Participant: 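This is the structure, below, for whatever I ask next.
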Amino acid sequence: MSDIRERIAGLNPRQREAVKYIDGPCLVLAGAGSGKTSVITTKIAYLIQECGMSARRIAAVTFTNKAAREMKERVSSMLPGKSGHGLTVSTFHTLGLNIIKSELKTLGLRSGFSLFDPEDARVLLRELMQKDAQVDADQINRVQGQISSWKNDLILPGPALSHAETEDEAFCARVYEHYTRHLRAYNAVDFDDLIMLPATMFERHPEVLAKWRRRIHYMLVDEYQDTNSSQYQLVRMLMAERSTFTVVGDDDQSIYAWRGARPENLVQLGEDFPSLNVIKLEQNYRSTAVILRAANTLIANNPHVYEKTLWSDKGLGESIRIIMTRNEEAEAERVATEILTARIKQSAKWKDFAVLYRGNFQARLLELKLQHYQIPYKLSGGTSFFSRNEIKDAMAYLRLLINPADDNAFLRIVNVPRREIGPTTLEKLANYASERRVSLFAACSELGLSHVLGEKAVERLGRFNHFLEAIRKRMDQGDAIAAIRQMFQEMDYEAWLVQNASAPAIAEKRMANVWTLVDQLEQSMHRGTEEGDEASEETDDVEAAISRLVLRDILDQQAQEDDTDKVQLLTLHASKGLEFPHVYVMGLEEELLPHRNSIEANTIEEERRLAYVGITRARQSLTLTLTKQRKVYGEMMDCTPSRFLDELPEEDLQWFGRPDKENPEQKHERGKEALAGLRSLLG
DNA sequence: AGGGCTAGGCTTTTT
DNA sequence: GCCTAGCCCT
């Protein structure tokens, strides 16, 4: 807990200015590795410690839970005692969720509302579209994407329909309208609503906005280049009067345009706030001069509103190596053996190496080679915990418990485990429910059901309803978590898993996943209670905790695993924000990086930024690889070296395996050399 | 209720 | 060329 003044004294002049400028709007253009997180965390501590601002009046916003968690930790380590109490450090979505939770009435929601993840939303969309036309798998995705981008632009269904230019768009808008109505009926919101609802509410209810402006006096936004339109509107509305905020970002690292990020928001800010103080952080504390020179010359090919050039005092460092191989197998092989030898030569650890690539498929071959050489590695990505079926089932139970109007959750689990409630019964139930305008779950216990359904069916539905109602009662009365555990036991969910699994061991694993989920729910509840965000009763805590679960805001169990000594395999996207002593970027070829679709869509600039992000991850050494041939969709294709290679400073590059007319033997010799070196090292 | 077949698609992905 | 989602068939 070092003194805040000391900490500020340790910053460079630009960083110090960024921390101490608090009287107006502030944009910090933070180049890669320029210590932006330090600036944000120190600034929060400075506001509290030196400027006497209450932590409760400060909100810092990030894009990922991980970043929010880390930032919170760093800030609280700088602050003495409880002075950080009440500080908000959260994702945009969690901030939106909290706003929604305190404005339920204005928004026309009831407490315990469900949060639909994109998969839930997709299921609902499919159902809605099936009525209209025949469903095309791809069509659902397109509609979902269109709705999402409308929501990102704060466009409601009405205007979406009236402004539709094509029949296709009009169709989407009609589905959007249905979708919105159904979400309302289910007392549910989706991820995009977490931003859109607060933003549109603030527009329509100035008195509510005024209240929130009194609550939040200073805002800090990390990764500002990743904000979309609705997020920007939210920040703008909250901060409009006071103009006290700091946003930190790097337009050169904007790589999420495809999911709605608007790097133009950086420019927009200057127009909306003419007094904006723009501070550039250009000193890089991460990489060698050679690496930065490559990064600078590459990105200079993109147009810039604010020019910036990274520099470091770390010395030139090694040349950048470019390795060209015969095919993708040789490429993977080469990367594996390079890491093997480099580790010994540099007496480095496995975790000092990262291999970056454009697409996840590129990792497959590499994995094989790494396994062959017994190199330990950690692969980022893969199937998420939350897309597992048992987790989706468990989540549906939780959702239905706190929100009986959630018909989607009901349909998912009413017959899981088997309760002999089939499609015919459900259809009749649905008709009855929609006539009486009640939820499916509520309809289950209505007496009138016996007019439309057989005795047995009525009995089964009633039993299901009573079962869950009993659990709900237990949750209200006492230990909610205990009641939830009991629920899974009483319905013998494990038996159902065993029945459905190919091996008992698999079922066991799945059941363990469910218990992990419940454990995390429990932990999340305790965390929420300790922080005492708002006065809340027990059930309110469960609701909040379940929402946090859906938002993936759970403790990272892989945290310890991250520290282990393994080579990191990541997509270029996933590498943003990280750094490694030795970085390999694979597949520097036209059609791959830049990606084929981006060439066609003419979004080369974003691909260039992607390459820029990859390059700037490296501290000490950088190796780029490419191949002459590669299998594309099963067909062997000749590859062209990426245009980005031509945009790097020739004098800093060291080529291996480049076909060279003057010296055709070169590649052969180099290859042999490398192999001989490897052999001698391996003994 | 589950498995097998076929067609289409094939970058990146957080909340 | 391979994978996966969704459909159909038993």
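Here is how names work: the chains are called A, B, and so on, in the same order as the sequence lines, proteins then strands, and each is numbered from 1. Bear in mind the structure is a predicted one, so any value in this text is a computation, not a measurement.
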Participant: Tell me what A:R364 touches on the nucleic acid: a base, only sugar-phosphate, or nothing, going by heavy atoms under 4.0 Å.
Facilitator: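 Nothing, no heavy atom under 4.0 Å.
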Participant: Do the side chains of A:E328 and A:K631 get close enough for a salt bridge, i.e. N-O under 4.0 angstrom?
Facilitator: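 Looking at A:K631 together with A:E328, the answer is no, because their closest N to O distance does not fall below 4.0 Å.
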Participant: Over how many whole Å does the gap from A:R126 atom CZ to C:dG6 atom C1' extend?
Facilitator: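 The distance from CZ of A:R126 to C1' of C:dG6 comes to 8 Å, rounded to the nearest Å.
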Participant: Between the protein and nucleotides 10-12 of chain B, which nitrogen or oxygen pairs come in under 3.5 angstrom?
Facilitator:
unit_1, atom_1, unit_2, atom_2, d
B:dT11, OP1, A:N597, ND2, 3.2
B:dT11, OP2, A:Y633, OH, 3.2
B:dT11, O4', A:H595, NE2, 3.3
B:dT12, OP1, A:N360, N, 2.6
B:dT12, OP1, A:N360, ND2, 3.3
B:dT12, O4', A:R358, NH2, 3.4
B:dT12, O2, A:W258, NE1, 3.2
B:dT12, O2, A:R358, NH2, 2.5
B:dT12, O2, A:H573, NE2, 3.3

Participant: Name all pairs fulfilling the salt bridge (charged side-chain N to carboxylate O under 4.0 Å, His left out) condition that reach into residues 494-510 of chain A, sequence neighbours left out, sorted by first residue then second.
Facilitator: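 Listed once each, the pairs would be none.
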Participant: For A:R596, what residues pass the side chain to side chain contact (heavy atoms under 4.5 Å, CB included) criterion, not counting sequence neighbours?
Facilitator: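 Side chain to side chain contact (heavy atoms under 4.5 Å, CB included) list for A:R596, sorted by chain: A:E591, A:E600, A:V632, A:Y633.
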Participant: What residues form a ring pair (Phe, Tyr, Trp, His ring centres under 6.0 Å) with A:F116, not counting sequence neighbours?
Facilitator: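 A:F116: no ring pair (Phe, Tyr, Trp, His ring centres under 6.0 Å) contacts found.
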Participant: Test of understanding: with salt bridge (charged side-chain N to carboxylate O under 4.0 Å, His left out), list the residues that count as partners of A:R609, not counting sequence neighbours.
Facilitator: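 Listed in chain order: A:E606.
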Participant: Detail all sub-3.5 Å separations between protein N/O atoms and N/O atoms belonging to nucleotides 8-10 of chain C.
Facilitator:
none

Participant: Please output the side-chain donor-acceptor pairs of residues 189-196 of chain A that fall under 3.5 Å, not counting sequence neighbours, one pair per line with the distance.
Facilitator:
unit_1, atom_1, unit_2, atom_2, d
A:D190, OD1, A:K151, NZ, 3.2
A:D190, OD1, A:D192, N, 3.1
A:D190, OD1, A:D193, N, 2.8
A:D190, OD2, A:K151, NZ, 2.8
A:D190, OD2, A:Y179, OH, 2.8
A:D192, OD2, A:S148, OG, 2.9
A:D193, OD1, A:K151, NZ, 2.8
A:D193, OD2, A:K151, NZ, 3.3
A:D193, OD2, A:D190, N, 3.1

Participant: Using a cut-off of 4.0 Å on non-hydrogen atoms, how would the nucleic acid contact of A:F191 be classed: base, sugar-phosphate, or nothing?
Facilitator: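 Result for A:F191 = base.
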Participant: Who passes ring pair (Phe, Tyr, Trp, His ring centres under 6.0 Å) against A:F113, sequence neighbours left out?
Facilitator: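 By the ring pair (Phe, Tyr, Trp, His ring centres under 6.0 Å) rule, A:F113 matches no residue at all.
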Participant: Say you pick atom C1' in B:dT13 and the same atom in C:dC2; how far apart are they, in whole Å?
Facilitator: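 Each nucleotide's C1' atom is 22 Å from the other's.
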Participant: Mind calculating the distance between CD (A:Q144) and C1' (B:dT15) to the nearest angstrom?
Facilitator: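 Interatomic distance, CD of A:Q144 to C1' of B:dT15: 13 Å.
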Participant: List in chain and number order the residues that pass side-chain hydrogen bond (donor to acceptor under 3.5 Å, both in side chains) with A:R608, two or more places apart in sequence or in another chain; answer none if no residue qualifies.
Facilitator: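 A:R608 satisfies side-chain hydrogen bond (donor to acceptor under 3.5 Å, both in side chains) with A:N302, A:E647 only.
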Participant: Does A:E579 have any side-chain hydrogen bond (donor to acceptor under 3.5 Å, both in side chains) partners at least two apart in sequence or in another chain, and if so, which?
Facilitator: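 Only A:R286, A:R619 meet the side-chain hydrogen bond (donor to acceptor under 3.5 Å, both in side chains) criterion with A:E579.
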Participant: So what's the dot-bracket for DNA chain B: Watson-Crick or G-U pairs under 3.5 Å, [ ] if a pair crosses, | if it pairs off-strand?
Facilitator: ||||||||||.....
Participant: Flag the pair A:D168 and A:R142 as a salt bridge only when some basic side-chain nitrogen lies within less than 4.0 angstrom of an acidic carboxylate oxygen.
Facilitator: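 Answer for the salt bridge query: yes.
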Participant: Quick one: A:E119 CD to C:dA5 C1', roughly how many Å, whole number?
Facilitator: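 Spelled out: CD on A:E119 to C1' on C:dA5 is 12 Å.
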Participant: Report yes if some heavy atom in the side chain of A:R326 is under 4.5 Å from a heavy atom in the side chain of A:K628; otherwise report no.
Facilitator: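 Of all side-chain heavy-atom pairs linking A:K628 with A:R326, none is under 4.5 Å.
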Participant: Across nucleotides 1-6 of chain B, 5' to 3', mark each nucleotide with B, S or - according to how protein heavy atoms within less than 4.0 Å reach it.
Facilitator: SS----
Participant: Is A:N65 touching bases, backbone alone, or none of the nucleic acid, heavy atoms closer than 4.0 Å?
Facilitator: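 The residue A:N65 makes sugar-phosphate contact but no base contact.
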Participant: How long is the line joining CZ of A:R259 and C1' of B:dT15, in whole Å?
Facilitator: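 From A:R259 CZ to B:dT15 C1': 8 Å.
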Participant: State plainly whether the residues A:K456 and A:E420 are in salt-bridge range, i.e. N to O under 4.0 Å.
Facilitator: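 Answer for the salt bridge query: no.
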Participant: What's the CD-C1' distance between A:Q253 and B:dT14, to the nearest Å?
Facilitator: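 Computing the A:Q253:CD to B:dT14:C1' distance gives 17 Å.
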Participant: Please determine whether a side-chain nitrogen of the Lys or Arg among A:D226 and A:K576 lies less than 4.0 Å from a carboxylate oxygen of the Asp or Glu.
Facilitator: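 A salt bridge is present here (some side-chain N lies under 4.0 Å from a carboxylate O).
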Participant: In whole angstroms, how far is the C1' atom of C:dT4 from the CD1 atom of A:I140?
Facilitator: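 Computing the A:I140:CD1 to C:dT4:C1' distance gives 14 Å.
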Participant: Nearest whole angstrom, please: distance from the C1' of B:dT13 to the CZ of A:R122.
Facilitator: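 Interatomic distance, CZ of A:R122 to C1' of B:dT13: 15 Å.
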Participant: Is it true that A:R463 and A:E459 make a salt bridge, defined as a side-chain N closer than 4.0 Å to a carboxylate O?
Facilitator: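 Between A:E459 and A:R463 there is a salt bridge, with a charged N closer than 4.0 Å to a carboxylate O.
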Participant: Rounded to whole Å, how long is the line connecting atom CZ of A:R69 with atom P of B:dT14?
Facilitator: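 Value for this atom pair: 13 Å.
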